[in-house]
Amino acid sequence: MPVFETHHGSSPIILGLPHTGTDVPQDIWERLNDNGKILADTDWYIHDLYAGLLDDATTVRATFHRYVIDANRDPEGLSLYPGQNTTGLVPTTDFDGNPIWKPGEEPTQADIAHRLATFHAPYHAALAAEIARVKAIHGIAILYDCHSIRSHIPFLFKGALPDFNIGTDLGRTCNPAIEAIAVDVTANARGYTSVLNGRFKGGWTTRQYGKPDSGVHAIQMELAQSTHLVTEAPPFAYDAEKAGALRIHLKDILTRMEDFALRINEQGRPS
Ligand SMILES: N=CN[C@@H](CCC(=O)O)C(=O)O
């Protein structure tokens, strides 16, 4: 079972998709409790939502579920938000704080080490290789990490989440012009709400790869699932009409970021 899928595109944009996978090996599946087996914290359909928005963007998609191991967490196990509720490298709870493993079946240190080597490391080796390949072509690479989450999760945040949650680790992970594109498009998207570096500031992926001084820019987009699902509960069905309206804005963001990267590349070329 391949643990990731890649499309080697020609665009300067790379779409990271760490949380849309639903594959769980049988031996791990048997250790999940009934709550865990709902796989509630999946970024449902996010790869479909972004499909075809750019002509030839690179995509790197984890096919394994985040309950196997979370590709958007520090492999050393460091918390994304020390002191706040969040989920870990191999989560023990879902986003509501409820256990996902049968009693006595929580992952051991040996399990975590095995899953790091089998899932997390190969996914990130593929992502790093694509970033290097794209940067070699264009002199710049923009990693846009695609996420979604339920809009109401009291364990993680108060009230309702905005529709678009842009994360750049307080501006550290990309050129300000790239951040500004996401802010401008989402602020002007009628009927939608948005925030920059609110509750979701960018996960480990964004923080790890976003090194603007070296030409690698990273930005995370966390979408409220109410923008493209029928309901944010099982069976987590896709709402094609809502998604169609949302895709217009996502396409605008990605197209403008691609144009920015191609322009920078042109300007940076020796004459
Ligand atoms: N849908 C996923 N959300 C991300 C959020 C990362 C962040 O805190 O910015 C995650 O848990 O990995």
Side-chain angles (χ1 to χ4, degrees), residues 15-22 36 38-50 60-98 100 115-116 119-120 123-124 127 143-158 160-174 179 182-183 186 194-210 217-229 232-233 236 238 246 250:
L15 300 180
L17 296 152
H19 290 151
T20 73
T22 52
I38 298 170
L39 304 181
D41 303 334
T42 310
D43 292 4
W44 300 102
Y45 303 106
I46 282 294
H47 51 304
D48 296 324
L49 185 69
Y50 281 92
V60 184
R61 173 181 180 250
T63 53
F64 55 93
H65 194 263
R66 66 185 299 162
Y67 292 170
V68 175
I69 190 163
D70 192 331
N72 199 29
R73 292 294 180 276
D74 188 323
E76 304 291 329
L78 298 179
S79 171
L80 265 190
Y81 300 103
Q84 285 185 54
N85 285 346
T86 183
T87 53
L89 179 61
V90 176
T92 52
T93 72
D94 61 14
F95 285 154
D96 296 313
N98 297 318
I100 57 172
R115 294 181 203 181
L116 271 171
F119 300 96
H120 195 285
Y123 172 77
H124 281 286
L127 184 56
L143 171 63
Y144 177 106
D145 216 38
C146 310
H147 293 263
S148 72
I149 196 161
R150 285 176 284 136
S151 59
H152 290 81
I153 308 182
F155 184 68
L156 296 184
F157 51 84
K158 284 199 189 117
L161 196 68
D163 298 320
F164 295 100
N165 299 265
I166 302 157
T168 63
D169 196 21
L170 307 177
R172 293 185 189 98
T173 63
C174 67
E179 181 184 86
V183 169
T186 56
S194 59
V195 69
L196 170 66
N197 291 314
R199 171 63 181 84
F200 296 101
K201 296 177 174 54
W204 184 74
T205 307
T206 309
R207 301 181 201 178
Q208 173 70 7
Y209 296 101
H217 304 265
I219 187 163
Q220 176 178 285
M221 179 62 79
E222 185 80 60
L223 296 168
Q225 291 181 339
S226 52
T227 60
H228 55 281
L229 296 187
E232 299 175 311
F236 298 103
Y238 192 63
L246 180 61
L250 299 175

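Predicted, not measured: the structure shown is a model, and the values here were computed from it. Counting starts at 1 for both ligands and their atoms, in listed order.
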What protein heavy atom sits nearest [atom], and how far away is it?
atom                   : result
atom 2 (C) of ligand 1 : His147 ND1, 3.3 Å
atom 3 (N) of ligand 1 : Glu222 OE1, 2.7 Å
atom 8 (O) of ligand 1 : Tyr81 OH, 2.6 Å

Quiz item: Could Arg66 and Phe95 be counted as a cation-pi pair, given that NZ or CZ must be under 6.0 Å from the ring centre and within 45° of the axis?
Solution: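 Not satisfied by the 6.0 Å and 45° rule.
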I want to check something: taking the side chain as every heavy atom from C-beta on, are [X] and [Y] in contact at a cut-off of under 4.5 Å?
X      : Y      : result
His147 : Ile149 : no
Glu179 : Thr173 : no
Asp74  : Arg207 : no
Phe155 : Thr87  : no

Where ligand 1 meets [X] - atom numbers and elements under 4.0 angstrom, heavy-atom basis:
X      : answer
Asp43  : 1 (N), 2 (C)
Ser148 : 1 (N)
Asn72  : 4 (C), 6 (C), 10 (C), 12 (O)
Gly203 : 6 (C), 7 (C), 9 (O)
Gly202 : 7 (C), 9 (O)

Please determine whether the number of non-hydrogen atoms from other residues, nucleotides or ligands lying under 6.0 Å from atom CD of Gln84 exceeds 12.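 More than 12 heavy atoms, drawn from other residues, nucleotides or ligands, come within 6.0 Å of this atom.
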Any N or O on [X] sitting closer than 3.5 Å to an N or O of ligand 1?
X      : value
Phe200 : no
Asp70  : no
Arg66  : yes

Pair Arg61 + Asp43: basic N to acidic O under 4.0 Å: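 Judged by the 4.0 Å cut-off on N to carboxylate O distance, Arg61 and Asp43 do not form a salt bridge.
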The side-chain contact (heavy atoms from CB on, under 4.5 Å) partners of Ile38 (sequence neighbours excluded) come to Asn35, Ala40, Pro234, Phe236
Who pairs with Gln208 by side-chain contact (heavy atoms from CB on, under 4.5 Å), at least two apart in sequence or on another chain?
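Trp204.
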Backbone, side chain, both or neither: what part of Leu80 comes under 4.0 angstrom of ligand 1, heavy atoms only?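 It is the side chain that touches ligand 1; the backbone stays farther off.
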TODO: Determine, considering heavy atoms only, which of Gln220, Gln84, Lys201, Arg207 sits nearest to atom 6 (C) of ligand 1.
DONE: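 Nearest option to atom 6 (C) of ligand 1, by heavy atoms: Gln220.
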